[in-house]
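One structure below.
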Amino acid sequence: MDVFHNCETMKSGSLANVEKAIVLGTGGHARALIATANLIGRYELMGILDRTGPTPGETIMGLPVIGLWNDLWQLRGMGITSAYLALGNNATRREMFQRCEESGLKLPALVHPSAFVDPTAHIGDGALVCGGAFIGPEVEIGKGVIVNTGSSVDHESIIEDFVTVSPGVVIAGRVVIGQNAFLGIGACISDNVSIGSGARVGAGAIALKDIPENVLVVGVPACIKSTDLS
Ligand SMILES: CC(=O)SCCNC(=O)CCNC(=O)[C@H](O)C(C)(C)COP(=O)(O)OP(=O)(O)OC[C@H]1O[C@@H](n2cnc3c(N)ncnc32)[C@H](O)[C@@H]1OP(=O)(O)O
């Protein structure tokens with residue numbers, strides 16, 4: 001059964017010559033993403049898909065929840081070309097990024113109009129740079145990365161794929177954040193420091209030296225609190 005064609009709540013396309021996009025995810029992060037996408041206005045948002053599917057009449061920021069992630073493959077046939085990933089969990093975001101690609105959907109990056117991105121920086125597909133963020137010169141932001149509100153990433157730093165940078169994080173110059181890592185609110189990463197893949201840096205921690213993969217670090221200076229988060 002084609003769920004979308006049977007879905008009476010789906011927005012009808014109205015804007016000529018504007019590409020259509022779908023949003024994946026219904027949590028808090030969906031609000032931030034939809035607000036940013038509405039400000040940019042590059043794509044017409046047609047609705048939201050989530051893990052469990054819609055409850056009757058469910059909307060988020062005025063957008064109807066129209067179906068399940070498992071129905072992604074039907075979207076291309078409906079004129080929807082692109083997807084935005086509103087998924088806070090790194091592993092889920094990675095999985096759905098791959099499934100969108102397999103479904104032939106584009107994953108445009110989104111940059112809030114109040115963020116500054118240096119012209120020499122590169123922002124990967126499916127990344128979200130939130131309001132007030134600063135992305136410095138020659139910074140690499142990987143695929144599906146979240147750079148949340150008011151964070152800064154300074155010169156030549158590399159943020160690998162599917163990392164979460166929470167609000168108010170300060171990343172100094174020539175830092176490397178390994179894929180799938182999570183940096184909690186207000187964490188600071190000193191210059192030339194590497195954070196291992198899958199590591200979790202607690203809110204307010206200050207990393208002054210390299211952090212291994214798959215560990216939780218907290219405190220000032222950041223120390224290992226638990227290991228093997230893989
Ligand atoms: C727009 C938005 O809202 S974006 C959302 C932003 N949210 C965040 O940034 C959340 C930040 N979260 C944290 O810092 C969390 O503590 C995490 C994710 C790093 C770790 O969470 P968990 O793995 O669940 O760890 P848990 O809560 O079990 O704590 C483990 C231990 O570390 C300690 N700990 C955890 N986080 C911190 C921290 N930031 N600073 C100091 N100690 C900490 C706990 O007190 C606990 O210590 P104990 O074992 O001696 O009792």
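Both ligands and their constituent atoms are indexed starting at 1 by order of listing.
- Note: Phe134 and Phe116 have parallel aromatic rings, judged against thresholds of 30 and 60 degrees for the angle between ring planes.
- Put simply, atom 19 (C) of ligand 1 has protein non-hydrogen atoms near it, under 4.0 Å away.
- Between Arg200 and ligand 1, no pair of N/O atoms sits closer than 3.5 Å.
- Protein non-hydrogen atoms do reach within 4.0 Å of atom 9 (O) of ligand 1.
- When hydrogens are left out, the protein atom nearest atom 43 (C) of ligand 1 is Val218 CG1, 3.5 Å; that is the closest non-hydrogen contact.
- Distance check on atom 39 (N) of ligand 1: some protein heavy atom falls below the 4.0 Å cut-off.
- In this structure, the protein non-hydrogen atom closest to atom 12 (N) of ligand 1 is Phe182 CE2, 4.4 Å.
- Among all non-hydrogen protein atoms, the one lying nearest atom 31 (C) of ligand 1 is Lys225 CE, 3.5 Å.
- The protein reaches atom 6 (C) of ligand 1 closely, with a heavy atom under 4.0 angstrom from it.
- For atom 36 (N) of ligand 1, a protein non-hydrogen atom is found at a distance below 4.0 Å.
- Of the inter-residue distances, the one linking Ile123 atom CD1 with Ile135 atom CD1 reads 5.0 Å to the nearest 0.5 angstrom.
- A side-chain contact (heavy atoms from CB on, under 4.5 Å) with Cys188 holds for exactly one of Val220, Ile206, Val169; it is Ile206.
- At a heavy-atom cutoff of 4.0 Å, ligand 1 is contacted by the side chain of Ser166 but not by its backbone.
- Less than 4.0 angstrom separates atom 50 (O) of ligand 1 from at least one non-hydrogen atom of the protein.
- With a 4.0 Å cut-off on non-hydrogen atoms, Thr149 does not touch ligand 1 at all.
- By the rule that hydrophobic residues join a cluster once side-chain heavy atoms approach within less than 4.5 Å of another member, Leu110 and Val165 end up as members of separate clusters.
- The closest approach between any non-hydrogen atom of Gly204 and ligand 1 is not below 4.0 Å.
- Residue contacts with ligand 1: Ile185 is placed with a nitrogen or oxygen under 3.5 Å of a nitrogen or oxygen of the ligand (distance criterion only).
- At least one protein heavy atom sits closer than 4.0 Å to atom 47 (O) of ligand 1.
- The distance criterion of under 3.5 Å between nitrogen or oxygen atoms is not met by Leu216 with respect to ligand 1.
- Remark: minimum distance from atom 1 (C) of ligand 1 to any protein heavy atom is reached at Pro167 CG, 3.8 Å.
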